[in-house]
There are 2 protein chains.
Amino acid sequence: MLSKKTKYGLKALAYLAAQPDKKPVQISEIAENENISQKFLESILLSLRKTGFLGSKKGKGGGYYLLRTPEEISMTDVMRVLEGPIAMVPCVSLNFYETCDDCPDEHTCSVHKLMLQVRDSALDVYRNNTLKDIIS
Amino acid sequence: MLSKKTKYGLKALAYLAAQPDKKPVQISEIAENENISQKFLESILLSLRKTGFLGSKKGKGGGYYLLRTPEEISMTDVMRVLEGPIAMVPCVSLNFYETCDDCPDEHTCSVHKLMLQVRDSALDVYRNNTLKDIIS
DNA sequence: TGAAAACTCTATTAAATTAGTAGGGTAATA
DNA sequence: TATTACCCTACTAATTTAATAGAGTTTTCA
């Protein structure tokens with residue numbers, strides 16, 4: 001299940017990408033328009049800023065804005081930052097790999113075999129979608 | 001993230017599918033060989049029996065066995081029973097559909113758009129894999 | 001026939017994660 | 001210099017997951 005954090009983060013990014021100009025947008029504006037708790041959104045935008053997706057401007061007329069153009073922002077990167085691993089089990093994760101403590105051998109594990117395919121198919125989707133692609 | 005329930009359920013199914021004959025296999029045997037808590041596995045096998053994947057035989061010499069051949073068991077069905085919805089958000093789920101309370105319009109929602117693709121790609125994988133395909 | 005083997009079922013619980021809430025602090029701009 | 005708006009920490013309620021405990025029932029085989 002997709003976490004609210006990821007869902008809200010994606011919506012906020014899409015909202016910023018849909019702006020006609022690059023002027024900073026206030027948290028409160030995004031929160032209202034996308035029906036998100038303002039405080040919760042605050043923490044999500046903060047993490048997107050720390051990971052290089054967003055810039056912010058303080059003071060009057062301040063807010064958040066995209067640091068890159070929408071077509072430069074890959075869903076792969078966004079998902080990894082917001083949701084974490086794309087794989088459903090750590091033993092098939094590219095960026096968050098861990099061995100299973102129960103499994104004696106990955107190569108003969110049926111779960112591993114299936115989840116490898118699922119990961120690859122999900123990666124395919126994320127790699128083929130930028131922020132620009134998902135705004136309408 | 002894949003739940004342990006699903007992981008263990010898949011492993012148990014694969015274990016049964018790998019049996020040379022159709023004799024019932026005891027819970028304890030599966031639990032030991034696959035490093036699964038026996039009591040937890042018990043409840044998982046029970047749910048697989050109630051959903052028509054497994055049959056059971058009581059008493060001495062009893063245990064669980066597959067009701068269908070491995071190539072007749074689609075990963076789509078198994079995943080839906082063990083893990084629940086294949087979609088990451090309810091608004092793109094085929095079997096567990098729900099509207100989002102926050103989203104004003106699904107058709108213009110960027111999250112919806114992306115998650116629809118992810119669901120389809122996952123479904124593709126599950127539809128193309130039977131229990132036979134994932135045992136080695 | 002009776003005892004052991006093995007499944008069945010209910011209820012409880014511990015741990016982890018998620019989704020927020022509260023509230024004060026700090027920086028920048030008009 | 002006051003206001004706006006971001007920044008940060010800590011706490012908490014709710015939910016889900018992963019078991020655990022224990023009693024009960026059915027079946028089979030000796």
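Below, read A as the first sequence line, B as the second, and so on, with proteins coming before strands; counting in each chain starts at 1.
Separating the CZ atom of Arg49(B) from the C1' atom of dT26(D) is a distance of 12 Å, rounded to the nearest angstrom. Between the CD1 atom of Ile30(B) and the P atom of dA6(C) there is a distance of 13 Å, given to the nearest Å. Distance Leu46(A) CG to dC8(D) P: 6 Å, rounded to the nearest Å. The nearest whole Å value for the distance from the CD atom in Gln38(B) to the C1' atom in dA21(D) is 14 Å. Distance, Lys23(B) NZ to dT28(D) P: 16 Å, rounded to whole Å. Per the geometry, CG belonging to Leu54(A) stands 10 Å off P belonging to dC7(D), to the nearest Å. Rounded to an integer number of Å, the gap from NZ of Lys57(B) to C1' of dC29(D) is 10 Å. For the pair Glu83(A) CD and dT17(C) P, the computed distance is 13 Å after rounding to whole Å.
Considering Ile134(B), Thr130(B), Leu13(B) in turn, Ile134(B) is the only one that fulfils the side-chain contact (heavy atoms from CB on, under 4.5 Å) rule with Met75(B).
Considering CD of Glu32(A) and CD of Gln26(A), their distance stands at 9.5 Å, rounded to 0.5 Å. One distance of note links CG of Leu41(B) with OH of Tyr8(B); it measures 9.5 Å at 0.5 Å rounding.
In the set dA19(D), dC7(D), dT26(D), the nucleotide with an atom closest to the side chain of Lys39(A) is dC7(D). Closest to the Gln26(A) side chain, of the nucleotides dA19(C), dC7(C), dC6(D), is dC6(D).
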Apply salt bridge (Lys or Arg N to Asp or Glu O under 4.0 Å) to the pair Lys113(B) and Asp133(A), showing each step before the final yes or no.
CA-CA 9 Å; Lys113(B) 208 167 171 178; Asp133(A) 297 315; over 6 Å; no
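Interface remark: the Glu42(A) side chain does form a donor-acceptor pair with the dC8(D) base, using a distance-only criterion of under 3.5 Å.
Taking only side-chain nitrogens and oxygens, Ser37(A) never comes nearer than 4.0 Å to OP1 or OP2 of dA19(C). Side-chain N/O atoms of Tyr65(A) include none lying less than 4.0 angstrom from OP1 or OP2 on dC6(D). Residue Lys50(B) places at least one side-chain N or O under 4.0 Å from the OP1 or OP2 atom of dC9(C). For dA18(D), the OP1/OP2 oxygens have no side-chain nitrogen or oxygen of Tyr8(B) closer than 4.0 Å. The side chain of Ser56(B) places an N or O atom within less than 4.0 Å of a non-bridging phosphate oxygen (OP1 or OP2) of dT8(C).
Linking Ile, Leu, Val, Met, Phe, Trp and Tyr residues whenever their side-chain heavy atoms come within less than 4.5 Å places Ile73(A) and Leu45(A) in a single cluster.
Annotation: of the two residues near DNA chain C, Lys60(A) and Lys4(A), the 5′-most nearest-nucleotide partner is Lys4(A).
Across all strands shown, Ile27(B) has heavy atoms under 4.0 Å from sugar-phosphate atoms exclusively, and none from any base.
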